[in-house]
*Asks:* 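I have a structure I would like to understand better, so I am pasting it below and will then ask my questions one at a time.
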Amino acid sequence: MTITENVAEVKRRIAAAAESAGREPSEILLVAASKMNDASRVREAVAAGVDACGENRVQEMLEKNALGAYEGVPLHFIGHLQKNKVKFVVGTAALIHSVDSLALLEQIDRVAAARGLVQDVLLEVNIGAEASKSGFSPDEIPAALAAAGQKHNICVRGLMAIPPICENGEENRQYFERMKQLFIDNCEKKYDNVRMDFMSMGMSGDYETAIACGANIVRVGSAIFGARIYPEKN
Ligand SMILES: *Cc1c(COP(=O)(O)O)cnc(C)c1O
């Protein structure tokens, strides 16, 4: 299967999942998680009709961006972001999915203010309460939204989650359901600079389940580009 064929198949499955949930397929944004794929492969995914590209590593994003890999679609940052790299991402990424601390929120606000722009972000939720993962706990989200409401150069557009790795996409339904409830609970509160319109969850193995639970951004890598071959560690 080519990248073009894979994108068509993923889009077909997104549309089917949306329809069976009584939702419009056009509500759901397909982000190609393009880590470890070179500029020409990313361009093929863009040409095939993904809605955005998502990168995990700042250096890799800058290199491929300089080659015009993402031309035609918005660029999203989806990986763990270190504070000292914020300056490379603010204004370059249309949406940062992975804001996992108040310190990071503050740094993004500071850099965006210096550049005179408003950066759209999502708050990452550690929905599986995993020690190995970053993100706010569900309990911390109201305070994080209130803090974001004080900042003028950030707009929180919603929530993002990476649930625990599982064998079968259905196993993550419990986490997606919890995210849906958290999203609903926090939509009711009104803060300045907060517009809760996105819920980013679902990857290659579970995006259909995520859509059934209300996701409107899915981040799909291997189902588009094929399995990633990680270099062997010595
Ligand atoms: C790699 C990655 C994805 C996509 O993973 P696949 O299982 O290959 O679809 C989604 N989100 C994030 C944050 C990622 O790092």
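Because the structure is predicted, anything quoted here is derived from the model rather than measured. Numbering of ligands and ligand atoms starts at 1, following listing order.
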*Asks:* Without hydrogens or angle criteria, can the side chains of Asp100 and His80 be said to hold a donor-acceptor pair below 3.5 Å?
*Replies:* yes
*Asks:* Kindly tell me which protein residues have any non-hydrogen atom under 4.0 angstrom away from an atom of ligand 1, grouped by chain and ordered by number?
*Replies:*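 Within the 4.0 Å shell of ligand 1, which is judged on heavy atoms, sit Ala33, Lys35, Asn56, Ile78, Ile162, Met203, Ser204, Arg219, Val220, Gly221, Ser222, Arg228.
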*Asks:* Using a strict 4.0 Å threshold on nitrogen-to-oxygen distance, state whether Glu177 and Lys180 make a salt bridge.
*Replies:* no
*Asks:* Looking only at side-chain N and O atoms, does Arg178 offer a donor or acceptor that is under 3.5 Å from a partner on Gln181?
*Replies:* no
*Asks:* Answer with yes or no whether the side chains of Ser137 and Asp139 bring together a donor and an acceptor at under 3.5 Å.
*Replies:* no
*Asks:* Regarding Arg219 and Ser200, is there a side-chain donor-to-acceptor distance under 3.5 Å anywhere?
*Replies:* yes
*Asks:* Please step through side chain to side chain contact (heavy atoms under 4.5 Å, CB included) for the pair Phe77 and Asn56, ending with a clear verdict.
*Replies:* CA-CA 6 Å; Phe77 191 79; Asn56 286 70; 5.7 Å; no
